[in-house]
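Structure first, commentary second.
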Amino acid sequence: MSTGFQRARRPEQVEARRATILATATAMLRERPVADISLRELSDRVGLAKSNVLRYFDSREAIFLEVLDEAWQRWLDATARALTAVSVDGPGFVREERVAATIARTLREDRLLCELVSSMASVLERNISVDTARSFKHRAAANIDRLAGLVRDEVPELSPAGAAHFAGAVFVIVAGLWPYANPTEAVATASAELGVAPGADLFAENLTEGLANLLAGLVARRR
């Protein structure tokens, strides 16, 4: 741990310090789940005392909410490109199925986002200030609105309310499925003995199926 800490005073110094903390937190998340990362470990990796890290974020959870927002926006950029590249012509609900499958695929490929989304409501939003909660919720709403817009661009029959419902439900489904896709070693062993498919396979299949059924159902109800 650094013993020569000097508090960042200029705005650019503050932002540089915050960026370092966020980059370190992101790197640690690629090694282990968020539940296994303590503020002390994170502070040690950054090279600051816990009290100094808390000058820039009001809690460990606030740090990971910032990482979540950054990951969410990167995922939206990737999803926008992926949806644009998808051919959606076809009979029945082929278009809805392909859009849903594309969204599911981009989520399956983003472990960091899925990990943080699965911890958002139950862990990361539990130890934060009102200001942090307000800021994050505004940005989360904007992210959901953006996804709703991307989906409506591809499925214009979907109502604005339906698109908003789908976009919000995407992350509820991920939050529910992800913990089952990453069981403890004991649970994974017991499941394998029962002939249950590996969690990662179930996550991919159930996410794709769930999103396709939800999107097609919303369109069918409007028709």
Side-chain angles (χ1 to χ4, degrees), residues 65 68-125 133 136-183 187 191 194-223:
L65 284 178
L68 168 55
D69 183 56
E70 291 181 355
W72 204 336
Q73 292 185 51
R74 287 194 301 270
W75 173 78
L76 284 166
D77 291 340
T79 301
R81 293 190 294 270
L83 287 173
T84 300
V86 172
S87 173
V88 293
D89 293 331
F93 293 102
V94 168
R95 176 179 52 186
E96 289 79 4
E97 291 171 354
R98 288 177 179 170
V99 169
T102 299
I103 293 172
R105 174 179 59 77
T106 59
L107 283 165
R108 294 197 309 268
E109 293 171 352
D110 199 327
R111 289 186 58 85
L112 187 148
L113 177 61
C114 291
E115 167 69 21
L116 290 171
V117 165
S118 72
S119 302
M120 182 176 70
S122 61
V123 177
L124 300 183
E125 294 182 342
F136 175 73
K137 283 302 188 182
H138 277 296
R139 287 178 288 166
N143 291 336
I144 290 174
D145 286 346
R146 184 181 174 194
L147 178 59
L150 293 174
V151 173
R152 281 204 81 209
D153 286 344
E154 304 301 324
V155 187
E157 295 89 347
L158 196 62
S159 69
H165 175 79
F166 175 80
V170 165
F171 299 101
V172 174
I173 294 172
V174 169
L177 288 176
W178 186 253
Y180 291 98
N182 295 274
V187 172
S191 297
L194 291 171
V196 177
D201 293 346
L202 291 176
F203 179 78
E205 295 171 6
N206 290 336
L207 181 59
T208 301
E209 187 72 7
L211 294 186
N213 287 338
L214 177 59
L215 185 56
L218 288 167
V219 172
R221 288 182 66 184
R222 194 178 191 208
R223 290 174 182 171

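Sequential numbering from 1 along the given sequence is applied to the chain's residues.
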Using modelled atom types and a 3.5 Å cut-off, is there a donor and acceptor pairing between side-chain atoms of Asn182 and backbone atoms of Trp178?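 Between the backbone of Trp178 and the side chain of Asn182 there is a qualifying donor-acceptor contact (under 3.5 Å).
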
With distance as the sole test, does Arg108 use its side chain to make a donor-acceptor pair with the main-chain N or O of Phe203 at under 3.5 Å?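 Judged by distance alone, no pair lies under 3.5 Å.
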
Distance-minimising heavy-atom pair for [X] and [Y]:
X      : Y      : result
Arg105 : Ala82  : NH2-CB, 3.7 Å
Ala80  : Thr84  : O-OG1, 2.8 Å
Ser118 : Pro179 : CB-CD, 4.2 Å
Tyr180 : Gly176 : CD1-O, 3.2 Å
Gly162 : Leu218 : O-CD1, 3.5 Å
Leu215 : Val155 : CD2-CG2, 4.3 Å

[atom1]-[atom2] distance between [X] and [Y], expressed to the nearest 0.5 angstrom:
X      : Y      : atom1 : atom2 : value
Asn213 : Thr208 : CG    : OG1   : 10.5 Å
Leu83  : Thr102 : CG    : OG1   : 5.5 Å
Leu116 : Leu112 : CG    : CG    : 5.0 Å
Ile173 : Leu211 : CD1   : CG    : 5.0 Å
Cys114 : Phe171 : SG    : CZ    : 9.0 Å
Glu109 : Thr79  : CD    : OG1   : 9.5 Å

For a 4.5 angstrom cut-off between non-hydrogen side-chain atoms, does [X] reach [Y]?
X      : Y      : answer
Val99  : Phe166 : no
Leu113 : Val117 : yes
Leu107 : Val170 : yes

Within a 6.0 Å radius of atom CZ on Arg111, are there more than 12 heavy atoms belonging to other residues, nucleotides or ligands?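 Atom CZ in Arg111 is not crowded, with 12 or fewer foreign heavy atoms closer than 6.0 Å.
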
Full working for side-chain contact (heavy atoms from CB on, under 4.5 Å) between His165 and Leu214: CA-CA 10 Å; His165 175 79; Leu214 177 59; 4.1 Å; yes

What salt bridge (Lys or Arg N to Asp or Glu O under 4.0 Å) pairs are there with at least one residue in residues 114-123, not counting sequence neighbours?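 Sorted result for residues 114-123: empty, none.
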
Is a salt bridge present between Arg98 and Glu154, judged by a nitrogen-to-oxygen distance below 4.0 Å?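 Salt bridge flag = no for Glu154 with Arg98.
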
What is the ring orientation for Phe136 with Trp72, classed by angle as parallel under 30°, tilted 30 to 60°, or perpendicular over 60°?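 The arrangement is tilted - the two ring planes meet at 30° to 60°.
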
Asp77 and Gln73: side chain donor to acceptor below 3.5 Å: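 On atom types as modelled, these side chains do not qualify, holding no pair under 3.5 Å.
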
